[in-house]
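Any value given below was found using the heavy atoms of this structure, including those in side chains, with hydrogens, waters and symmetry copies removed.
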Amino acid sequence: MLQVNLNNPMEIQIVGMNALKEALGPVGAVRFIRQYNPGYGDYTSERQAEPDVDPDETIAKIHEFKQKKQQGLL
């Protein structure tokens with residue numbers, strides 16, 4: 001068995017994360033950890049509060065920005 005200093009929180013975290021990655025793989029370890037950190041806020045209401053964005057308008061703004069940058073106006 002691995003010797004772990006149980007008085008050192010950082011060592012416990014490192015050894016624990018390595019054990020999770022070894023047992024579950026990187027993706028499985030992240031999914032396991034996310035079960036204990038559900039996040040915050042109300043995604044649905046926050047998403048609905050965002051204005052609808054026209055992709056063509058966004059792309060046009062990006063091209064405009066690039067042109068101004070190339071011309072030294074930014």
Problem - Heavy atoms from other residues, nucleotides or ligands near CD of Glu22 exceed 12 (cutoff 6.0 Å) - result: no

Handout entry: Considering all heavy atoms, the nearest Glu46-Gly41 contact
Key = OE2-CA, 3.8 Å

Practice task
Answer with yes or no whether the hydrophobic clustering places Val27 together with Phe32; edges join I, L, V, M, F, W, Y residues whose side-chain heavy atoms lie under 4.5 Å apart.
Solution key: no

Exercise for the section: Look at the side-chain heavy atoms of Ile, Leu, Val, Met, Phe, Trp and Tyr, link any pair under 4.5 Å apart, and say whether Val15 and Ile12 land in one connected group. Expected result: yes

Problem - Joint hydrophobic cluster, Tyr36 plus Met17, side-chain heavy atoms closer than 4.5 Å - result: yes

Completion exercise
Here the gap from Ile33 atom CD1 to Leu24 atom CG, rounded to the nearest 0.5 Å, amounts to 9.0 Å

Completion exercise
Note: Gln3 and Glu11 closest approach over all heavy atoms is O-OE2, 3.9 Å

Could you give the side-chain donor-acceptor pairs of residues 57-74 under 3.5 Å, partners two or more places apart or in another chain?
{"from": "Glu57", "atom 1": "OE2", "to": "Lys61", "atom 2": "NZ", "distance (Å)": "3.4"}
{"from": "Thr58", "atom 1": "OG1", "to": "Asp54", "atom 2": "O", "distance (Å)": "3.2"}
{"from": "Glu64", "atom 1": "OE2", "to": "Lys68", "atom 2": "NZ", "distance (Å)": "3.3"}

Fill in the blank from the handout: One should read off an interatomic distance between Arg31 CZ and Leu20 CG, to the nearest 0.5 angstrom, of 14.0 Å

